[in-house]
Each structure stands twice: as structure tokens, then as C-alpha cells.
Amino acid sequence: MLLTRKASEQAVPQSRLARGLSGVLAKTMDRRAFLRRSGITLGAGAAAAQLPFSMIGEAQAQAKGAGKMEVKRTVCTHCSVGCAIDAVVENGVWIRQEPVFDSPLNLGAHCAKGASVREHGITHDSHRLKTPMKLEGGKWVKVSWDQAYTDIANKLTSIRKESGPDALMIIGSSKHNNEQSYLLCKWARLWGTNNTDHQARICHSTTVAGIANTWGYGAMTNSYNDEQNSKCLLFFGSNAAEAHPVSMLHTLHAKENGAKVIVADPRYTRTAAKADKFVRVRSGSDVAFLFGLLYHVFKNGWEDKKYIHDRVYGMDKVKAEVMAKYTPAEVEAITGVGEKEMYETAKMLSDNRPGFIIWAMGQTQHTNGNAIVRASAILMLALGNVGRPGGGANIYRGHDNVQGATDIGPNPDSLPGYYGIAPGSFAHWARVWNIDLDWLKKQYASDAMMTKPGITVSRWYDAIVEKNENIDQDHNLRAVLFWGHAPNSQSRGLDMLEAMKKLELMVVIDPYPSATAAMMAMAKKEGCYLLPAATQFECAGSVTASNRSIQWREKVIEPLFESRNDHMIMYQLAQKLGFADQLVGKRGDKHNIKLVKGKGGMDEPSMEDTLREVNAGTWTIGYTGQTPERLKAHMRNMHVFDVKSLRAKGGKDAETGYDLTGDYFGLPWPCFGTAAIKHPGSPNLYDTSRHVMDGGGNFRANFGVEKDGENLLAEDGSHSKGAEITTGYPEFDHVLLKKLGWWDELTEAERAEAEGKNWKTDLSGGIQRVAMKHGCHPFGNAKARAVVWNFPDGIPLHREPLYSPKPELVAKWPTHADQKVRWRLPVLFKSVQDKSIADKDYEKFPLILTSGRLVEYEGGGEETRSNPWLAELMQDNFVELNPKTAADRGVRHGEYVWVSTPSGAKIKVKALVTERVGADHVFIPFHFSGWWQGQDMLGYYPEGAAPIVRGEAVNTATTYGYDIVTMMQETKTTLCQVAKA
Amino acid sequence: MRRVALGAAVIAALFAVGCGEQAQVTVYKQGKYQGKPDTQAWNNASPAAELRGSAWNKGDRGSWETAINQRALGQNEDIRIYKQ
Amino acid sequence: MARMKFLCDAERCIECNGCVTACKNENEVPWGVNRRRVVTINDGVVGAEKSISVACMHCSDAPCMAVCPVDCFYKTEDGVVLHDKDLCIGCGYCFYACPFGAPQFPQAGAFGLRGKMDKCTFCAGGPEADRTEAEFKKYGRNRLAEGKLPACAEMCSTKALLGGDGDVIADIYRERVLRRGKGSEVWGWGTAYGPGKAGAQPPAGGKS
């Protein structure tokens, strides 16, 4: 839109001048300017601590003259884009931070968080947790590590003896690096429970389940970079400008080259401000919107018929349902979007191919999130967009390593590499881990418990208070390790606090106390320990970005204060609990993971050796080729990688002589086979235009060879380039290899190992090597499924959110039936929705409450709100109110209001009056914590370790609602009322 | 008289924000910078490689400008995308 | 060589505040002092929202320099406007004069006395010995003396904020405008050079 100067408008925006002239509120004051003014008193406190009078700068402790200076290359820890950073360290102090222009992922760019990571190394006035602490008589007292370990180990051991290993839940972290997440997954299993989870549950669990069940892997199909090769980008459920700012570099570059950008969202987000087309959609109506687009695609014959015939199963069934149910009138009633706009959007998608659909929490955090993401996948399949450069499902993961933690970390229903918790998988991993399988079985309460998916982090507190006969394990949860996770990212804060009152032991392991510590101090007088963990800048390790590229971080500084690295803590706790040897694979004369000297000369597992163990066992998703050596060579030579294709055109690593030619940056998984066969990684999944040894692929054969007489394998002629089998084929195992006559191409050693195995369990990698030598994909060549028959809704179905503003739609599109047990707990659907309607919540709470992200903060927010450079930018939690909503309630911009929800909670936030939201929606960011229903919780934090900025957590007030497949919480859509405070 | 008062005011202000500064006698010349001299950027030696800056010949303005303009190309993603 | 300048591409700025925190980080600017801010016009208005990052524009004929009663401002040969804090009396006159709000005053003391004026230095430090602790404490980092450009421009998330030799960044911006066909109206090029198609020739003798 051209910005021309109008007579009535000011040439210079009001907000800056208004700041100097007190009391004048500009009509278009932007959110940051308005909020910054309120922080003067706050700032004075911070300023007084920091500054010498009237000068700026608290210079780093720098040695006089030249100290020993080094550069450590690391990766930002705040989101999944994976921006590289060169950290300049002098005498062990982190003094400077420089952009890495060479990085093909971010080209030197950073957002507010990435540009401020050096603050993690500043010890002056740090808000970090500095020493272990214990809650005693309601106060936080300092304890020694040894004392803390002894207390915790004793308590855990006695709980285990009385109630079994499942009485403990280990809530792990998407901010652990790959090696740490992998070790934590192992740690939980060595303890003997599947009750372990991490942020992916509340982030993209529905995506992984839905997409993996559609075509094979549940990850981003292409990359942020590949958007440059695209013609159309549909952002539906993503606010990339605030959640993945640097990805917008690729998006906007693509837009300037002619790509169309469409943003569909309940709010006019900052991403929408850059869109060619903005469509306002009611929160929670996602399936109807997507199928409404598909309606026009089918009606006008815009679908890619050959593609569907060759590579998709079940599209005809989907078409029948779409044409019958999602007519323009019906879609308008559900989503609020008229026929003309739907038609134009569908036309823009169809006219501009290849194209992406891009989503994040907007689609995932719903009771039918698994269906919504599948509807997105089906839309892309119908247009023939999946499995080619420039097109597909670009799934924007959240945390820096949520992808890696999902792949190989602590999940309740899988072992590393998505091997399900079945006897065969345990056998496989026991081999890799070099532990005795029988010993492992005995660690579990029983064989049944060993193969039962554990409790999810979205419902951990329910497992404490739920009636014992309703829980699918012997005892309720009695102890929780909150390891690198925040509490205010889970919904139903009121219920969480009540559960905390009954919890016997809470151990928080985090660089910051986090709101967990404050909530526990509010709930109880003892029974909580805080262990200071170090950040990812204080250790080395690998991290997997959203595009599946793996980068290696170098250690920047030693752990600060009394903190210790997470893997050291894992090892030390394991020593106390009796499975330290198993953790590092020490048995007989084999010792998988050597111990190296960490902080203070104490032992910790070697990160490189851990990655090597991952390489040895993770055949399913191809984490086998990314050895530490190859990854480090990539990090040293970022400049040789092309930005649009991520491929190295040439180059040899000066340090090791490794030839980088042909590698894709970060060897994005799957990087099949051992490092010896030098698979280059797969930048775009399912891309049939490339040979499999060139990064190409096809859809995975994971669902059988036929269904109801229909062929599930790919049709004749549909295969990746150069495949010797030109039809569809199933997954590879020793039987298939023998049938094809390729068995003899295995070496003798490979044959010995591969006998009786398949491509996932053959530790020699021979089956994969030979299959790929013939151009075939180890995981077979099949069709994507538009109908996922093993899910409650085989064809995605629109279902109203549990708390819906429209009773007539609830009657027509009700939610699921209540479930007696899923993931060990009962889950309610219909009874909650019916009660909401019966209680007339839609009248008492007439506004749709949605929550989301801000660019200044990340996740639960305690880490970023403790960084003064970020905290200054956003000092109060707020609720976005449309001018009509505000006027109807007599609320002025900047005033405090109470937001109340059917959960019974009410939170106090500032009103931000803006046209960003429609008159029927309100928005509250979720990064705040530290206030509880109007009260500042400062007194409950350990001294000196509270975040600078505290505010209400929107999740204190969010309501019940879980996805039926994964227990993802429904935080994107609930109801609320707003009233002046 | 006014000049002395102004000078005194300046000195007084300087004392008030003291910080151990040496008092300076300021002779007020309208429109001319009255402060300490500053070094031009190119009259420094190139920094250590670890600081990730550029390299130029100390004292040679042209070589510094060339280095700076080369550095500015990092802000043009077209170079990294199309030409590197 | 032309003067050092900033140019913020409003078509690209997503208000991520990367420039703001890069500056805070690099210069260790204290709370309350905002050398660089992002300003958003028409916040939340469909189709009209635009953001621009603003700091000192290092004007060729700087009003701050013109009005300073103690003449503490000077301009380097590259056009960077700097000042001597030892001379600054904190009167705030430069704050009145500047159309962009560049002068900042750290709050100090119980009565909010104005301290020395602080502002964006184009990461060129100030009149202390280059790249020393003394210069860093008073003025922040001197990146120009390290052969680098301002941290804000180098770290911008979408390469919206450009900073460096005016000719070089104008070229970068011009190529972008030509490629996408719009964007330069924000900076008044249409007003200055007349409405017309992107790519129209400038008046004879005029710089593009």
C-alpha cells in the first residue's frame, strides 16, 4: 500500500513526540510506545543499580591490555530459525557478539532476542538462579549441591519404593540440545517410566501426529530458505513477523520477487501487515476455512489430478465430504469469511504454484488440532504442492531445539527416533545403549507399563489430583522434575496451583527459578528444590532447526555462578539413583559415552560421544549421517552453502580436509546411512525430482500396502529420480532385499548384522546403503493419506471449540465424546461443551479469547523478561481490545481491566485499544508470569532471581480442552469477559 | 560578564557532574566545537581477527573506506543469495 | 566517499526491535535511554500499518549542532554527528531542536535530573581514544574504528535497516525498489522527483 502524506496526517509519527509531552495520547500510538511510558519507575530501579551517574555503559570486566581472545560460534537459543552468532570471549568473559553474515540460514540477521543473547553472559545484576535452593518454611534458602542431591535422591527412592517409578514425571525441555534431550529420554527410561514429555506437546504435537500419519514424517517439509523458490505463501496460524522474525527475510525477499503472501488470522498481525491479502477468520474455525478453500479448488477443477492419482490415497472421499458439507454458506456461518473472499483466496493459491502453507500454534492448539493440520496437508496435496522445491507444508517449530527434542528426546510415547514404545524398539535401543534389556524391563513397574504411553505435560497436574481409579497407572504422581520448562505455558493455571498443593516433591532445574518456583512457594511451605542449570551458551552440543538442519554450538563460557550443565546434572543424579553406568553405556569393556571433565573438574558425558550414539541408533529419521565432525565442518564453512538451495557447491574444510561438495547445510534429516556413504541430507522432503542420494524422496510407506482394495503404494511411474524400482514399493527389510537380488551387495559384516532386520533396526546401515545405491528409498514409496483411518476423524471434520460463542454451531458441529482414558487420564469433551452451552457462557463471556506471541519474549518468558534490554520493550501484560469492545465497557486505552473466563479465574491486564482484533475477539500474549490474579508474586521468588518484568499469565485463566489424539491444549480459543478494574 | 558567567556555569555544571573530571576553562567561540579532539576511524590499526571486523592500512583513508563499503554488502542479501 | 547514513526500508521493517536491542547490547545503553526505537504508524489498521526504525539521522546540517549553547557537537569527515559529553551541560536544547528525538537523557538522581545527553553515535564512539574502555563507558562501542558498521543495521532481521556509506546503501535500496516496484514513496522520492513509474530517469544532473 502506498504511503502518501495526507493533509490530516502527521508526517512524523505521534508516539515519539507524545512521549516527551506528557498526557497526549496519539490516535495511533503503537503498542510499544504506549507501554514503555509506564516503565519509568521500573526503569529507575534498574537504572540505579546499573549506572554511574549520568554516563552510559557498564563496561564489561575487561583486562587491561590484551587478554586471550577467542571466537566461539554458537546458535541463538530462542527460536527454530537457528541464527548463528559469533561470540567473542576474552579471558573467559563474553565481551562481544557479532553477526555471522556467512550463515545461509539467517545471513547475519537477528531479531530482538537474538541481538541480545550476550546478556546471558553478564554476571552483574543477573536475575539467574545462582545457587541450589530449597523451600523451607515458605522461604527460599540456599543449599549446597550435595545436600540438594541427597535430599532429592532420598525422596525419589522412597517414592519409588512405595509407589513405583511411574509416580515420578520428568518434564524435559525443548531448549536442551540434542545430546541432552537424548540423554534425558534415556534417563527417564532407565528410571523406569514413560512419564516424560517436553514443550512439543503444547506446541506441535498435533502437527507431528497429524502430518506423520498423512505422509510419513511430521516435520517441516522444506525450509525457510526454500520460500525463496515459492510463488505463494499462505500463513494460516502463524505470526512469523513476531514468532520467527528472521524467517521474514526469506519471505519478504520471495515477495519482492513476485510471490504472493496471504495471511489468514483472527487478528491483523504484523505478518498480515506485509501480506498481499489478509483474511480475517474466526478463531477455532480452521477446518471449515481450509475445506472452504478446497471447495473452490474442487469446484473449479484446479486440483492437480495426476499428482493425486499417483501419490495420494483417499482424495475422492475427501472431495465428496468437502463438496457436501463445506459449502460457501456453511463456511461463512462458521468462519465469518464470505464466498467472494474464499474464492479469491483459493484462486490465488491455485494460480500461484508451487506454494506453501505455513502454520504454527494457530492451527495446532485446538481440540481438533490433529484434524486442522491434516486439512492443511490435504489442501497442499490437492494442489500438488508437496514434495517439490517451493511448495509444501512449512511447519514453523517454536523453541530452538523443539525439533531435536521431538526427534530424539523425552517423549511419552516414543524412544529416540520415533521408535514406538514396543518390545522391538526397546530391544533395538538396549543394544545401542549397551544395557541389559532384562535389567531395563525390571526398572519399569511392569511390562504393561513399559509399553503404555505416559502422561503428557499438558496434563501433568491432573495426574496428581485425579481420582486414582480413573488414572491408568497404579499411583498418582507424587514427584515432578520440571527440567527446563515453564508452568505458564500450560492451560488451567488455577487447577495447576491446586495440584501443586498436593505434590510431594517438585524439583525445578533451570537457569532461572521460573514461575514454577513462585507458584510452589505460593502453594506450599516445603517440598521444592531449585537446581541452577546452565544455558546453552555454557555448553557445546548440536541443535536441530525447524528445517531439520543440525548445527553445532561451541561452548562460549563456563557455567556461571554455581550452575552446572544439564548433562552433568543428569549424570550426577543418575549416580545417586544407581543408573549412571547405564546412562553412559558403560558395560563390560564397552563404554559408549566417555566422561569428560566439566566445571570444577567434575565428570560429565561427552557431547560428541552422545551424538555418535545417536548416529548409531536413529535409523528411522536418518540422524545417522550427522556426525560431530561433519557438523563442525559445516559450521566452520558456512560461506560455501547456497542460500536458495542450502547446497554446498564446493569447498574443503581447512581444518580436517573434509570435502563439503554436495552437502546440504546442517545435513537436514533424513541423512541416511553411516557418514561413510556421505548422504548429503534432505532439504526438501518427498521431492521426487531428485535422486535419493541427492536429497530426494517420496512419501513414506508406513500404512500398509493396500486398504479396502485400494493401492496404498505409489502408482507406476511415480518415484524419486533414478529409482530402479519405478513403481510403488514397501519399506526395505532383509526379505525385500533378498527378493530383489540385492542381498549379496551387502558386505559380509553388513550381512551378519542385517539378517532378520529391517531398515530401522539394522545397525550396520547396509540395508539403507544398498537400497539407496539403487536409487530407492529405505522407507518405501507410497501414497500420502488424505484419510487417516486410525484417527477419530479419518477425514478432518470441523468441530466447535469446547468453549464456543455460537450454540447453533455447537449443535451442528459438536466436539468429540468424552474419553475414558487417553495418555493415562480421562479426557472430557462433550460434557464440557454441553455445560458451557447450558451455563450460557456465550452470553456471560461473549468475547473469544485467543493468545499468542510477542517478538520481545519467548515461551514462558522468565528468561527473556530477566533481560533488561528486552524487558524494557514490553513492561506490562495487556489485552488487545477492539475500539467497540472497549467503548461498550467504558474502558480507556491504558487502563487496567479484569479478564475473566469460565474457568473462574480473572486476570488483571492493561487495555490496549486497537483495530488489530475484531469486535468479537480479544488477544493476550502468553509470555508473562509473576502476577497471580492481580497480585504481584515478587515475594515468592528467590531473592535476586525474579524477572524484571512480571505480569499475569494468560494461562492462569485459560480453560479445559485437549486434542483428542495428542492432548494438545486448546489455548487458542476460549471465551472471556472484560471489565474495568 | 555574561561570558564569565556562562563559563562559570559550564564549569559549575561540569563539577556537578564531577566524576573526577579536570575542570576546563572554556573559551566560548560561537559555532565552533569546543570539545576534545577525536581520532578518525582510519587512523587506528585494524582490530584483532577475533573481533570479526575488517582490515585496512592504518592511516590510509582509502583502504578503510574500501573495507567499510565491502562490509556494507553484508546488508545486501542479494549478494549472499545470488553471487556467493 | 559519501556521508554515513541510515535508511530504513518500511516495506521490510517488521517491528522486531532487533535494531533496538542490538544497540543496547553493543553500547550497553541503560534502561530509559533509547538511542534507537521502532515507530509504527497506523498500528493495527488493516492495510495501512508501517514501521520504521528511527535513531539519529546524522544530519548534514544538524539542528542539534546549531543550537548547542556549549558547542559540544562535531561532525566527522564521514558525516557522523558526535558530541563531547564532558562539555554537555544537559540543557536539552538539542532535544527541542531534533525532529527525530535522537537526544536522550539518562535519568539519574532522586529528582530525575537530566544527565548528559546521549544519542546514537553511528557506532563511532566519541572524543576519547578509539576502542578504549574510557570511550566505551561514555559513548559506547566504536565499530567504525574496527572496520564494521553500526550493530543495528548489521543485525536487522529483514535487512530493512541499512547503514553505511550513503551511496552504497542507496544502491541497495534502489535495487530493491526497482525489483518490487514500490517503497520509495515513504521517503518522499515521489515528492522530490515527481510522480512517475519506478525506474523513471531522474532530472538531468540529479543523483538517482
Side-chain angles (χ1 to χ4, degrees), chain B residues 6-7 9-14 16-19 21-24 26-56 58 61-82, chain C residues 1 4 65-66 68-78 80 82-91 108 113 115-116 124-131 135 138-139 142-149 153-156 158-165 167-169 171-173 175-176 179:
Chain B
L6 193 61
V10 171
I11 293 167
L14 284 174
V17 299
C19 296
E21 298 280 332
Q22 284 185 0
Q24 297 177 19
T26 306
V27 178
Y28 182 69
K29 289 195 192 91
Q30 174 142 34
K32 219 165 137 54
Y33 173 60
Q34 300 286 302
K36 284 201 203 105
D38 189 16
T39 323
Q40 304 283 22
W42 49 87
N43 284 324
N44 293 290
S46 301
E50 287 85 356
L51 282 172
R52 291 278 190 263
S54 312
W56 66 93
K58 178 174 171 175
R61 181 177 179 175
S63 82
W64 177 85
E65 285 182 0
T66 309
I68 280 281
N69 289 345
Q70 184 63 33
R71 175 96 179 185
L73 299 180
Q75 295 174 43
N76 183 2
E77 78 272 11
D78 283 6
I79 309 253
R80 179 72 181 84
I81 295 172
Y82 298 114
Chain C
M1 175 140 168
M4 291 294 193
M65 199 180 313
C68 176
V70 295
D71 275 326
C72 72
F73 286 88
Y74 64 101
K75 191 144 35 143
T76 70
E77 282 181 45
D78 311 301
V80 178
L82 300 172
H83 71 294
D84 185 336
K85 283 194 182 185
D86 295 334
L87 277 189
C88 173
I89 58 172
C91 70
L113 294 168
K116 305 284 189 176
E128 293 284 345
D130 284 353
R131 289 166 27 194
E135 187 190 37
K138 280 191 196 166
Y139 303 106
N142 192 337
R143 285 173 74 86
L144 289 192
E146 290 174 342
K148 305 174 191 166
L149 286 166
E154 297 205 311
M155 291 198 199
C156 173
T158 52
K159 313 266 180 213
L161 180 62
L162 304 167
D165 179 324
D167 274 338
V168 174
I169 62 171
D171 267 349
I172 298 173
Y173 186 61
E175 275 181 38
R176 268 193 218 163
R179 194 185 328 130

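Each chain gets a letter, A, B and so on, in the order the sequences are listed, and its residues count up from 1. Just so it is clear, the structure is predicted and the values come from calculations on it, not from any experiment.
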With chain B, which of C:Glu154, C:Lys75, C:His83 has the greatest number of heavy-atom pairs at distances under 4.5 Å?
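It is C:Glu154.
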Which portion of [X] sits near chain B, non-hydrogen atoms under 4.5 angstrom:
X: C:Tyr74; answer: both
X: C:Leu82; answer: side chain
X: C:Glu175; answer: side chain

So which part of [X] gets closer than 4.5 Å to some heavy atom of chain C, the side chain, the backbone, both or neither?
X: B:Ala45; result: backbone
X: B:Thr39; result: both
X: B:Asp78; result: side chain

As an exercise, state the distance from CD of B:Glu65 to CD of C:Glu77, rounded to the nearest 0.5 Å.
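Going from the CD atom of B:Glu65 to the CD atom of C:Glu77 covers 9.0 Å.
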What's the spacing between C:Asp78 CG and C:Asp165 CG if we round to 0.5 Å?
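Rounded to the nearest 0.5 Å, the CG-CG separation comes out at 8.5 Å.
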Give a yes or no on whether a salt bridge exists between B:Lys32 and C:Asp71, defined as a side-chain N under 4.0 angstrom from a carboxylate O.
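Result for this pair is no, no salt bridge flagged.
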Spell out, as yes or no, whether a donor-acceptor pair under 3.5 Å connects the side chain of C:Lys159 to the backbone of B:Gly74.
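Looks like yes, one N/O pair under 3.5 Å.
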So, does C:Lys116 use its side chain to make a donor-acceptor pair with the main chain of C:Cys88 at under 3.5 Å?
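Yes; judged by distance alone, with no hydrogens or angles, the pair exists.
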Cut-off 3.5 Å, side chains only: do C:Asn142 and C:Glu135 have a donor facing an acceptor?
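C:Glu135 and C:Asn142 do have a side-chain donor-acceptor pair below 3.5 Å.
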Select, from B:Gly53, B:Ala41, B:Pro47, B:Ser46, the one with the greatest count of heavy-atom pairs under 4.5 Å involving chain C.
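The answer is B:Pro47.
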